[in-house]
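One structure is given below, encoded as structure tokens.
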Amino acid sequence: MSDPAPTTWPLHCTVNGRPRTLVVSVRKLAVDVLREDFGLRGTHAGCEHGVCGACTVLLDDAPVRSCLLFAPQLEGCDVRTVEDLAGPGEVLHPLQESFSAHHGLQCGFCTPAMLLTALDLLRSNPTPTRDEVREALSANLCRCTGYQQIVDAVMDSSRGGEFDCT
Amino acid sequence: MKPAPFRYERPSSLQDALALLAEQGVETKALAGGQSLVPLMNLRLARPDVIVDLNQISELSGVERAGDQVRLGALIRHEMTMSDPTVRQLLPLLAHAAAHIGHRAIRTRGTLGGSLAHADPSAELAVASLALGAEVEVASTRGVRLVPIGELFDGPLSTTLAEDELIVAVRYRVDQGRRPFGFAELARRQGDFALTIAAVTVAVDEDGGCRAATVALGGVGGSPRLIGPAARALIGTRLEPTAIDLAVAAVEHTIRPVADLHGTLAYRMAMAALLTRQAIAMAGGAR
Ligand SMILES: Cc1cc2nc3c(=O)[nH]c(=O)nc-3n(C[C@H](O)[C@H](O)[C@H](O)COP(=O)(O)OP(=O)(O)OC[C@H]3O[C@@H](n4cnc5c(N)ncnc54)[C@H](O)[C@@H]3O)c2cc1C
Ligand code: FES
Ligand code: FES
């Protein structure tokens, strides 16, 4: 290898609380690292140019498009994906329960990112108005539900709702 | 839908970043928030040989007040521009404009310097920075220069920056920053790029006379631009309806928006006029 700056990167980051190390190609997108290398297939890749929101994860507690991050940009970061809400076979997170109760999903493609986007909203604004919920969720496209049930689910997860997750 | 191969560099100082950008014979691109560059790379509309990731360079962050100026580092994220107390207090137009950009997941990454360098014709921060008379601090291994914002943009997605130059910071004058402002934009959907944007500042004397004004528009041509004749139509008036009519007429005489599948020429002209009217009314106190 004569290349002075290699095209691979020795990555160290924390994913859902677990330290991870991996040698990755620098041009690999974070969403593909999560799915292919870490086996966390709850994070979906849709448009791969920032528009659909399906790949949204929490990076150091802030929502980001994981399709617009190169693998080495995860270096030293704390990543949270939908799998952090509840593992397989575990009790669902109240927000997930609410999505289920309100029929807030059909095919489920948009759901993981909808959950994380909603959680981010509820953390900073535990009692959002319906309009505030609509505005926040406008970052994520859903081709199935027509959105109303997702908004219902999030409203019911706000402080004082049946599925209060704040 | 995956980027072509590139070499990844992660300098931790501005000096190292500038040295990397000065490298000859390769196409090098700075990476800030990645919210415009990475989509282009994923679509292979951009295929740089080298990526210089600016995100570890602390010299590029920060909000500093220095005398009658506020200096914002190029790497300030849109979310910080929206919420930083100093920006909100001294540059309320800029904070207000930043809130209209995309969605929160875009704003947590996208940066001021990246937005200006990307030079989208309807970038909120570009239009607001024009209305605020910003100066852009640009550096290369050859030195530092100050570029008046009006001289930065050079057609759609183009700037007058040289290949090896970086935007380091943007400087705003506090007196102009604190003026009453107006801002109006039209986007088809929440979070979309705007079709048209208007930003206005006015300086009003105690007796209600308009002493100074700026009118900036986005989405009315290749670059965001100041509409000097519209601003001049307001100066010396009390921003009364006839004065606003004259300013709007000046906009209609000055711009020639390009028709595309998002809007005909007539529609874009009508929207530019309407948004200018709304922004002036807002600046004049109809807030
Ligand atoms: C879904 C979506 C919606 C969006 N909506 C809007 C919107 O409504 N309004 C809006 O204005 N923008 C919008 N954006 C774009 C967003 O604001 C970007 O953040 C911005 O255009 C570019 O900033 P960045 O920091 O992400 O730059 P990058 O993508 O990292 O870089 C963009 C370009 O600027 C260059 N560059 C970056 N930093 C510097 C620097 N300091 N000096 C010199 N060159 C530099 C890069 O080399 C590249 O050519 C949207 C983006 C997405 C994905
Ligand atoms: S896949 Fe990232 S936003 Fe669509
Ligand atoms: S449930 Fe199918 S895309 Fe939202």
Side-chain angles (χ1 to χ4, degrees), chain A residues 3-9 11 24-32 45-77 113 116-118 120-121 123-125 131-132 134-141 147, chain B residues 1-12 16 20 23 26 28-29 31-56 77-80 82-83 99-110 114 187-193:
Chain A
D3 199 344
T7 51
T8 58
W9 182 269
L11 177 66
V24 279
S25 165
V26 296
R27 69 169 164 139
K28 193 154 193 175
L29 301 176
V31 60
D32 295 323
C47 66
E48 298 184 322
H49 60 269
V51 175
C52 74
C55 66
T56 307
V57 299
L58 301 179
L59 185 77
D60 294 332
D61 287 329
V64 299
R65 303 296 206 224
S66 62
C67 70
L68 300 184
L69 279 176
F70 297 123
Q73 296 187 275
L74 297 178
E75 181 64 35
C77 291
L116 294 177
T117 302
D120 171 65
L121 170 72
R123 278 179 185 161
S124 62
N125 182 1
D131 275 349
E132 285 167 340
R134 289 167 61 94
E135 178 169 350
L137 296 182
S138 72
N140 300 59
L141 297 182
Y147 300 100
Chain B
M1 294 295 289
K2 306 288 177 192
F6 56 83
R7 201 177 97 204
Y8 175 79
E9 298 281 0
R10 190 181 167 95
S12 49
D16 290 350
L20 285 161
E23 190 180 330
V26 285
T28 305
K29 279 270 176 210
L31 172 67
Q35 303 301 293
S36 296
L37 179 58
V38 183
L40 292 175
M41 289 176 66
N42 286 355
L43 295 165
R44 301 220 177 177
L45 294 170
R47 309 174 67 124
D49 303 303
V50 184
I51 283 293
V52 178
D53 183 349
L54 305 178
N55 287 282
Q56 312 305 312
R77 316 271 173 198
H78 304 328
E79 278 285 310
M80 182 164 173
M82 268 172 76
S83 60
H100 286 77
I101 301 173
H103 309 285
R104 182 161 140 77
I106 306 300
R107 296 189 301 260
T108 55
R109 298 296 302 171
R188 294 268 191 219
R189 288 169 296 258
Q190 172 75 41
D192 276 15
F193 265 103

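Here is the naming used below: chain letters follow the sequence lines, and residue numbers restart at 1 for every chain. Small disclaimer: the values here were computed from a predicted structure and weren't measured.
In this structure, chain B has a heavy atom under 4.5 Å from the side chain of A/Leu29, while its backbone stays farther away.
Expressed to the nearest 0.5 Å, how far OG of A/Ser25 lies from CZ of A/Arg27 amounts to 5.5 Å.
In terms of non-hydrogen atom pairs under 4.5 Å with chain B, the most contact-rich of A/Val51, A/Thr117, A/Asp32, A/Leu121 is A/Asp32. The candidate with the highest count of non-hydrogen atom pairs below 4.5 Å against chain A, out of B/Gln35, B/Arg109, B/Arg10, is B/Arg10. No other option in B/Gly191, B/Pro5, B/Gly34 has as many heavy-atom pairs under 4.5 Å with chain A as B/Pro5. Looking only at heavy-atom pairs under 4.5 Å with chain A, the residue among B/Asp192, B/Thr108, B/Leu37, B/Leu43 that has the most is B/Thr108. For chain B, the option among A/Pro72, A/Ala62, A/Ala136 with the highest count of heavy-atom pairs below 4.5 Å is A/Pro72. Here B/Pro3 is the residue among B/Pro3, B/Gly102, B/Ala4 with the most heavy-atom pairs under 4.5 Å with chain A.
Not a single donor-acceptor pair under 3.5 Å links the side chain of B/Asp49 to the backbone N or O of B/Val26. The main-chain N or O of A/Ala30 is never found under 3.5 Å from a side-chain atom of A/Ser66 such that the two would form a donor-acceptor pair. Within the 3.5 Å criterion, the main-chain N or O of A/Thr7 finds no donor-acceptor partner in the side chain of B/Arg7.
Side chain to side chain, A/Arg65 and A/Thr56 meet the donor-acceptor criterion of an N or O pair below 3.5 Å.
Evaluation of the side-chain hydrogen bond (donor to acceptor under 3.5 Å, both in side chains) rule for B/Arg77 yields B/Asn55 as partners, not counting sequence neighbours.
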